[in-house]
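Beneath this line is the structure, given in structure tokens, with notes to follow.
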Amino acid sequence: LKQALPADIPLEDIQITPGAPWLGRAVHVEFYHSVICDLPYRNDDAVTFNPSNAHWSISKRRAWTGAFERWSVSNRGNADRIFEALLNHTDVTITAKDSDGTTYVDVTATAEAHSKLEEMREAFIEFCWSTPERVEDLTRRYNDTFNSFVQRSYERAGQALQLPGLNTDITPYSHQRSAVARIVSEPTVGLFHEVGAGKTLEMIMGAMELKRLGLASKPMIVVPNHMLLQFANEWQQAYPSARVMITDKEDLKTAGARREFLARVSTHDLDGVVITQSQFKHIGMKPSSVRAYMSAEIEEIEEALENATERNYSVSQLTQRLKTLQSDLEKEVNKVKDTGLFFEELGIDYLMVDEAHHFKNLGVVTSLSGMSSKDSGRARDLHMKIDYLRTINPDHYLATGTPIANSIAESHTMLRYLSPDLLRDAGIAKFDAFAGAFTQETRDMEITATGKLKARTRIARFQNLPEFMSIWGQVADVKMSEDLNLARPIVHVNSEGKHAPEIASIPAGAEMEAFSQTLSDRADKIHSGSVEPSEDNWLKLSNDGRQAAIDLRLVDYDPGSITKASTIAANVVRIYNETSDRVYVDKSGEHMSLPGGLQLIFSDRSTPKGNGEWNVYQEIKDNLVEMGIPSDEIAFIHEANTDEQKEDLFMRCREGQVRVIIGSTDKMGTGTNIQLRAVALHHVDA
């Protein structure tokens, strides 16, 4: 075991962030006394840490010294406030009053505070290195907390799997076998495999093995709404004799239908239940379970407030969160859910969640800017059900190719879903503690939507990444495309001779230049405050700019002769003609009757609304038809409103009846299994 454990990481290879809980309180107290105050160390409560919300407080100043003034801004004696901001990764904004008594941001003093804060950071890191005893203590603390994990390999176990019942025509990849072995062996797994890795088959094989081995009696698989039939069909193809129950829109639409469907789920012996994300949310939980779940968080916040040493931003945020939860608790408990049976009564003991990044918005209590403190309804519902399932069976897993889409907080959220005990044991259950260990922040002056300057502290990047990956790897099965060596199409050679996407640029034209000038004029008025926010504001201006970048007709301007729609249409027609003679084969190797490649066009704005209003979708289609592509070979994803209609549309794409499909990222970005003939992607907006 000693040989297997990782070697100690020396302190010089560790990125130290002031305020990180693993450093301990003593080193922060000593730094405050000896460096900021330049006084002998005394183990008092001048610097305190509240583990309930991972917030540091400077509760009292020992003495007013020359050193204290040296760390303050403009003789204002605010070194303690700056140090507290450093420990909590928050903003320092210095204000002043003009001759009229109006408060404003003192930009110069605020910039000076930021400079002092960075000096404190450097001084703190030097302080950590100042004695051999401290270096040894901190090194030991860090390694014991973050460098004590050994990664397991499931490759040999995966190859040994027999997988009885699997269709003999299907040969799983090595990484798929390893994933199934991990599902069977581990209580919780995040299958974070890149697109194309075959997560669907991994989930299906995993569920069947869990059932066969008696590790789960009735797994439930939650899938995106548009993937229901596709997922069910793949299950039936992989395991023809499997007993799988799926839902459709009618099953949970009315109280009577819900009662009937849930009764069937409860009474049947099933290998699995496949349900859409929206339908999953419709299955209610017992009021007692809801109360227990929400009361636990309320009690946690009340404890944090009791331990708070003074009023500050963190306390205000906790108080607001507490009020919100108390209000939501009564709403949730009193809500009438005529389901017939509650989730706890269905016999579901194992949960699989596909495209789990759709549940990323699980609120956090944090003092950091840019992090949402609000739960989305679907995220809270999933967290509540996982919490309940842990009481009867700790096993569950999530699957997605994008566990971290656009925020570092999402990695913490995924760990909260998968293994909250792992976070607790490492002392990083609270997001601010996690951020202190594994992230770095930047401080900049930003222009607000009202045109005023405001200091912002934002999470910028990861730090101590190997140790984060060590913890992450305990529950996350990460597979990138370079790890898998999967067959992938080669990106075409662009005009610069590189294998890279082609940027199709068109001249702005006099019309676009004229509109851009109106945006500039509006920005000047908004910035100067000469226009009421209700009449015009930065968000409205930004939206108009984005609309105009798609097509000037979206902002009631003449677009001129060359537009994105006509440029895209010309490219589509060229590729349509170049690929019209291509012949494709089905899974059995037989030639398909219709030749021709498929092209996908993505546009997230100006989608068709069915009311005759001008939109980019219809404009592109009109251009395509005018240039020679038959109208019935062009489809909008928005035309398929039910699962059956979507599966029928996807089938027509695979068979060559549809040669061009236009859709949004939300409706066509994931789980759209039409890659057989795909030859090109076109993005109207990136």
Side-chain angles (χ1 to χ4, degrees), residues 1-51 54-59 62 67 71 79-80 82-89 117-151 415 421-430 432-441 461-474:
L1 281 175
K2 284 183 178 179
Q3 290 175 346
L5 286 170
D8 280 351
I9 301 167
L11 192 63
E12 62 259 27
D13 292 339
I14 299 169
Q15 292 167 295
I16 297 172
T17 300
W22 68 267
L23 289 164
R25 190 179 75 90
V27 69
H28 293 96
V29 174
E30 189 174 355
F31 175 79
Y32 179 72
H33 287 323
S34 61
V35 177
I36 295 180
C37 297
D38 192 20
L39 292 169
Y41 170 67
R42 192 172 69 202
N43 187 17
D44 60 15
D45 59 352
V47 182
T48 57
F49 179 70
N50 186 348
H55 186 84
W56 294 88
S57 298
I58 312 300
S59 57
R62 278 200 58 188
W71 291 106
D80 50 353
I82 295 173
F83 186 49
E84 187 173 273
L86 174 65
L87 298 184
N88 292 304
H89 320 290
L117 188 145
E118 292 306 319
E119 287 180 35
M120 274 189 194
R121 183 196 304 278
E122 293 174 10
F124 181 83
I125 294 172
E126 290 178 10
F127 178 77
C128 290
W129 278 92
S130 60
T131 67
E133 295 79 13
R134 188 177 297 117
V135 170
E136 183 180 353
D137 176 59
L138 296 181
T139 300
R140 182 79 271 129
R141 281 173 175 269
Y142 187 84
N143 281 284
D144 288 348
T145 304
F146 301 121
N147 191 36
S148 56
F149 299 98
V150 179
Q151 302 298 326
L415 288 171
D421 57 318
L422 196 63
L423 292 173
R424 283 194 297 269
D425 291 345
I428 52 176
K430 303 304 176 186
D432 285 4
F434 171 85
F438 298 125
T439 68
Q440 289 182 359
E441 73 279 1
R461 64 187 68 87
F462 275 113
Q463 67 175 10
N464 299 319
L465 194 55
E467 292 72 61
F468 166 75
M469 291 304 297
S470 178
I471 291 179
W472 183 247
Q474 296 304 298

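Position 1 is the first residue of the sequence, and the numbers go up from there. Please read all numbers here as calculations on a predicted model, not as lab measurements.
Counting heavy atoms from C-beta outward, Met120 and Ile36 have side chains that approach closer than 4.5 Å. Inter-residue side-chain proximity for Glu126 and Trp129 is flagged as unmet; no heavy-atom pair is nearer than 4.5 Å. Two residues are said to be in side-chain contact when any heavy atoms from C-beta on lie closer than 4.5 Å; His33 and Pro40 fail this criterion.
Listed here is the closest heavy atom pair of Cys128 and Val27: SG-CG2, 4.3 Å. Of all non-hydrogen atoms in Ala123 and Trp71, the two that sit nearest each other are CB-CH2, 3.9 Å. A pairwise comparison of heavy atoms in Ala433 and Gly427 identifies CB-O, 3.6 Å as the closest pair.
Rounded to the nearest 0.5 Å, atoms CG (Leu23) and CZ (Arg134) are 11.0 Å apart. The CZ atom of Phe149 sits 11.0 Å away from the CD atom of Glu467 when rounded to the nearest 0.5 Å. Atom CD1 in Ile16 sits 12.0 Å away from atom CZ in Arg121 (nearest 0.5 Å). Residue Thr139 holds its OG1 atom at 4.0 Å from CG of Leu11, rounded to the nearest 0.5 Å. With values rounded to the nearest 0.5 angstrom, Arg141 atom CZ is found 5.0 Å from Asp137 atom CG. Here Asn143 contributes atom CG and Asp8 contributes atom CG; the two are 4.0 Å apart, rounded to the nearest 0.5 Å.
Between the side chain of Ser470 and the backbone N or O of Pro466 there is no donor-acceptor pair closer than 3.5 Å. Within the 3.5 Å criterion, the main-chain N or O of Gly19 finds a donor-acceptor partner in the side chain of Trp56. The closest donor-acceptor contact from the side chain of Arg25 to the backbone of Val47 lies under 3.5 Å.
Scanning for salt bridge (Lys or Arg N to Asp or Glu O under 4.0 Å) contacts around Asp13 gives an empty result, with sequence neighbours left out. Residues passing the side-chain contact (heavy atoms from CB on, under 4.5 Å) test with Ala426, sequence neighbours excluded: Thr145, Phe146, Ile428, Ile471.
Taking the six-membered ring where tryptophan is involved, the planes of Phe127 and Phe124 are tilted, since the angle between them lies from 30° to 60°. Taking the six-membered ring where the residue is Trp, Tyr142 and Trp22 present perpendicular rings, their angle passing 60° and hence far from 30°.
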* Phe468/Phe462 under side-chain contact (heavy atoms from CB on, under 4.5 Å): CA gap, chis, key distance, verdict -> CA-CA 9 Å; Phe468 166 75; Phe462 275 113; 4.3 Å; yes
* To do: With side-chain contact (heavy atoms from CB on, under 4.5 Å) as the test, would you mind laying out the steps for Asn88 and Asp432 before giving the verdict?
  => CA-CA 8 Å; Asn88 292 304; Asp432 285 4; 5.7 Å; no
* Where do Trp472 and Met469 land on the side-chain contact (heavy atoms from CB on, under 4.5 Å) test, with the steps shown first? -> CA-CA 5 Å; Trp472 183 247; Met469 291 304 297; 3.7 Å; yes
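Around CD of Glu136, the count of heavy atoms belonging to other residues, nucleotides or ligands within 6.0 Å does not exceed 12.
Checked options Gln440, His89, Gln463; the residue passing with Thr17 is Gln463 (criterion: side chain to side chain donor-acceptor pair (under 3.5 Å)).
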